[in-house]
Amino acid sequence: MQTAGKSCRRPVMWGFVKKPYLFLLATTLPMFASGGAIAAQPNLVEPAPAPLQGDAPTPANEEEVTFAADTLSYDSNGEIVTAAGNVRMMRQGARLRADTVQWNQKTGVVRAEGNVAIVNASNDTVYGDSVELTDTLKDGVVENLLLVLNDGGRLAAVHGVRRNEVSTLDKAVYTPCAVVDSKGCPKEPIWKISAVRVIHDPNKHRITYDGARISFLGAPILWLPGLSHPDGSGGGGSGLLLPDIQYGRVNGFELALPYYFQLAPNRDLTVTPRVYSKVLPAIEAQYRTLTSNGAWQAAGMLTYSSRSSATTGVPLNSNRDIRGYIDANGRFQFGDYWTVSGSIRGTTDRTFMRRYDISRDDRLRNQIQAERIDTNSYLSIKGWAVQTLRINDPQGQQPIALPAIDYRLRMTDPLVGGVLQLQLNSLALIRTSGQDTQRAFAAAEWNLRRYTPLGQEITLTGYLRGDVYHTDQVGQTATISYRGDPGWTPRGIGALAIDVKWPLIGDFFAGTQRITPRVQIVGSPKTKNMSIPNEDARAIDLEDSNLFALNRFSGYDRWEDGSRVTYGAEWSVDLPGISFNTVVGQSYRLTNKPSLLPVGT
């Protein structure tokens, strides 16, 4: 309608329908969006922006479809309903734009033509010259299809057909890469997959390609006459994986051809035969499973060969034997607080892992651990054993820990304030041909932190600990300083410390810098150290992580007694896109008593 002297909006026809426009939006997108891993050969650049709601009213429920158009006509002879002129249709989560939409009530065919674009609930957009569907909600045809996925991927095809839930795309191309440059001009994607025909069978959960070709920077690099893979809707499927070809000086050429078995949506198995030009074949397998409270996996490899040097391939003996390894681990959560984890690593001999380029580790650690963690407490119960792969390192000297228990409880000091942490620790180490050690201690650490009006941070620390050790067969430990006294040995530890930090913050170019001078004074009475066996504090190196620590040894068996002052500064810089920090410091002993720290530390 128009009024003299005034301009008005164009006439708009709008309304509500239940069928069949519902199926136009509900069927077109599932028909092709499920082919997310396939490709597009024609134009990969969208012809126009995605359609907006326009004049179409918002649907009241999921079953209702609303539409708006310039004109709406009905051919009573042909029983054809036609919506023409900037047609917009809405269904909750999906919207359509087309020049015209026709519904033939006799044949049940719905046809959208001219600048067709459909957006689904996942924000994927389908473009086409024309879309023709039946009111069975199953079959349809799209000409010059372009599907723009929400994740940036694009799928295009000259012709698309869906029959009995099976979708067939002719001359199809897929790429996840950008197809326009910074100026909006079309460009060749970095890589794409094209095919003469792509077939998606949702019942088999597979996508099949005829004449597949992979291109990189516009140049074809791989052509496959046939290719098939799972569509992802069924959680993957069984099949061959990409082969692996390598060459090594010891084993020669190697060909690995893994095969993947999908045992269930939460379980799978990969079996990999390995063939070598210089040694006998091997078989490798990996099993994985996911449960309601955790996951675990196990992998292993077996072969039949003589033991050879891992670096030269020279046989160490002429006898062939079964050789292999196993590597398994898992983690499970029980309730809000308890976690159980474990790992198993083992091999038949010391050269196998390096010989077949599996691992360069010189020790394999096996462990099982149960942990309970809440806001103010921590409990760990652990056991572990080690297999050594070092040459001339006796296996009987490797420790077995069963058990290793650590409990910590944090609480607020009700008397003078601060935080009080209590700790109980126990460890039992046994060796099949070496020194055995058992240890238990109870400790309490008190920290009080305060700030001065000038911004200095002052921390007062008090520490008390009582130990009891037992060890035997000390003569089987080669290093005398690690042995300790045989039998039972008690030990008491105490320390007091004050730590002062003064953070200074200011501008630095386009960012900020922080300079923090720091001084720490620690006093601890003479402690019985050399009478105690040293199992966990054999390595020591002063660095930024432990320079201001109360005890700078890596474990509990050694304690740094005496008095010392440690001073230094930390410098931190934060700029747009870059940040760094550095620590410079020095520790000075205030006593002339011999230090346990090595010279030059």
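- In the displayed structure, Ile373 atom CD1 is contacted under 6.0 Å by more than 12 heavy atoms of other residues, nucleotides or ligands.
- Remark: Arg363 does not engage Asp361 in a salt bridge, criterion side-chain N to carboxylate O under 4.0 Å.
- In Ile344, the CD1 atom is not crowded: 12 or fewer heavy atoms of neighbouring residues, nucleotides or ligands sit closer than 6.0 Å.
- Judged purely by distance below 3.5 Å, without hydrogens or angles, the side chains of Asp406 and Gln423 pair a donor atom with an acceptor atom.
- For the residue pair Arg558 and Ser481, the shortest heavy atom distance occurs at NH2-O, 2.9 Å.
- Side-chain contact between Leu575 and Val573 is present, with at least one heavy-atom pair separated by less than 4.5 Å.
- The stretch residues 261-288 participates, sequence neighbours left out, in these ring pair (Phe, Tyr, Trp, His ring centres under 6.0 Å) pairs: Tyr259-Phe261, Tyr276-Tyr356, Tyr287-Trp296.
- Closest of all the heavy-atom pairs between Gly555 and Asn551 is O-ND2, 3.6 Å.
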Using side chain to side chain contact (heavy atoms under 4.5 Å, CB included), reason through Arg372 and Tyr378 one step at a time and then give a plain yes or no. CA-CA 6 Å; Arg372 187 187 187 279; Tyr378 170 78; over 6 Å; no

Take Glu570 and Arg518 through the salt bridge (Lys or Arg N to Asp or Glu O under 4.0 Å) test and state the conclusion after the steps. CA-CA 8 Å; Glu570 178 183 2; Arg518 184 175 182 179; over 6 Å; no

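- A cation-pi arrangement is absent between Arg323 and Phe352 under the rule of less than 6.0 angstrom and at most 45 degrees off the ring axis.
- Annotation: the span from Lys382 atom NZ to Glu371 atom CD amounts to 7.5 Å, rounded to 0.5 Å.
- Residues Met301 and Arg274 meet the side-chain proximity criterion, which asks for heavy atoms closer than 4.5 Å.
- Within the 3.5 Å criterion, the main-chain N or O of Tyr482 finds no donor-acceptor partner in the side chain of Thr479.
- No more than 12 heavy atoms of other residues, nucleotides or ligands lie within 6.0 Å of CG in Leu242, so this atom counts as exposed by the packing criterion.
- Under a cutoff of 6.0 Å and an axis angle of 45°, Arg465 and Phe441 form a cation-pi pair.
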Passes side chain to side chain contact (heavy atoms under 4.5 Å, CB included), Arg439 versus Asp557? Steps please. CA-CA 9 Å; Arg439 176 193 73 202; Asp557 294 340; 3.1 Å; yes

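- For the pair Arg345 and Tyr325, the cation-pi test (distance below 6.0 Å, angle within 45°) is failed.
- Between Ala370 and Trp338, the shortest heavy-atom distance links the atoms CB-CZ3, 4.3 Å.
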Glu284 and Gln286: side chain to side chain contact (heavy atoms under 4.5 Å, CB included), yes or no, with the steps? CA-CA 7 Å; Glu284 185 179 15; Gln286 182 186 38; over 6 Å; no

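- Nearest heavy atoms, Tyr556 versus Tyr469: O-OH, 3.9 Å.
- Under a 4.0 Å N-O distance rule, the pair Arg431/Glu535 qualifies as a salt bridge.
- Rounding to the nearest 0.5 Å places CD1 of Ile400 at 10.0 Å from CG of Leu429.
- Using a 4.5 Å cut-off on side-chain heavy atoms (C-beta onward), Asn425 and Ile405 make no contact.
- Looking at every heavy atom in both residues, Pro394 comes nearest to Gln398 through O-NE2, 3.3 Å.
- Closest approach of Gln395 to Val386, counting heavy atoms only: NE2-O, 2.9 Å.
- With hydrogens and angles ignored, the 3.5 Å screen pairs a side-chain donor or acceptor of Asn546 with a backbone N or O of Glu543.
- No side-chain N or O of Ser433 forms a donor-acceptor pair with one of Gln397 less than 3.5 Å apart.
- Rounding to the nearest 0.5 angstrom, the gap separating the CD1 atom in Ile214 from the NZ atom in Lys192 is 12.5 Å.
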Any chance you could lay out the side chain to side chain donor-acceptor pair (under 3.5 Å) test for Trp446 and Asp413, step after step, and finish with the verdict? CA-CA 8 Å; Trp446 172 79; Asp413 183 0; 3.0 Å; yes

From CA spacing to verdict: side chain to side chain donor-acceptor pair (under 3.5 Å), Glu445, Asn447: CA-CA 7 Å; Glu445 181 177 343; Asn447 288 282; 3.2 Å; yes

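- By the 6.0 Å contact criterion, CD1 on Ile322 is open, its count of non-hydrogen atoms from other residues, nucleotides or ligands being 12 or less.
- Enclosure of atom CG in Leu240 by more than 12 non-hydrogen atoms of other residues, nucleotides or ligands within 6.0 angstrom is indicated.
- In this structure, the side chain of Thr303 engages the main chain of Pro281 through a donor-acceptor pair within 3.5 Å.
- Annotation: Arg538, atom CZ; neighbour count of heavy atoms from other residues, nucleotides and ligands within 6.0 Å is above 12.
- Side-chain contact check for Asn266 and Arg288: no donor-acceptor pair (N or O, by modelled atom type) lies under 3.5 Å.
- A donor-acceptor pair under 3.5 Å is absent between the side-chain atoms of Ser587 and the main chain of Thr566, judged by distance alone.
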Kindly indicate, with the supporting measurements, whether the criterion side chain to side chain donor-acceptor pair (under 3.5 Å) is fulfilled by Thr289 and Gln297. CA-CA 6 Å; Thr289 184; Gln297 64 175 356; over 6 Å; no

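- Atom-to-atom distance recorded for Ile493:CD1 and Glu560:CD is 12.0 Å, nearest 0.5 angstrom.
- Gln520 contributes no side-chain N or O that, together with a main-chain N or O of Val522, makes up a donor-acceptor pair within less than 3.5 Å.
- A distance-only check finds a donor-acceptor pair linking the side chain of Arg350 to the backbone of Arg390 [under 3.5 Å].
- Of the possible polar contacts, none joining the Asp362 side chain to the Thr388 backbone as a donor-acceptor pair under 3.5 Å is found.
- Under the 3.5 Å distance criterion, the side-chain polar atoms of Gln435 are matched with a main-chain donor or acceptor of Arg483.
- In terms of the salt bridge (Lys or Arg N to Asp or Glu O under 4.0 Å) criterion, Asp485 has no residue partners (sequence neighbours excluded).
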Quick one: do Leu424 and Leu422 satisfy side chain to side chain contact (heavy atoms under 4.5 Å, CB included)? Show the steps, please. CA-CA 7 Å; Leu424 297 175; Leu422 305 178; over 6 Å; no

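- Side chains of Thr339 and Gln333: a donor on one and an acceptor on the other come within 3.5 Å.
- Heavy atoms from other residues, nucleotides or ligands lying under 6.0 Å from CZ of Arg449 number 12 at most.
- No donor-acceptor pair under 3.5 Å is formed between the side chain of Arg491 and the backbone N or O of Thr527.
- Between Thr437 and His470, the closest side-chain pair of non-hydrogen atoms is not below 4.5 Å.
- Separation of atoms OG (Ser380) and CZ (Arg408) is listed at 9.0 Å; rounding is to 0.5 Å.
- Gln246 and Asp244 share a donor-acceptor pair across their side chains, judged by distance under 3.5 Å alone.
- Within 6.0 Å of CZ on Phe334 lie more than 12 heavy atoms contributed by other residues, nucleotides or ligands.
- Checking side-chain atoms of Glu254 against main-chain N and O of Val275 turns up no donor-acceptor pair under 3.5 Å.
- Rounding to the nearest 0.5 Å gives a distance of 12.0 Å between CG of Asp541 and CZ of Phe553.
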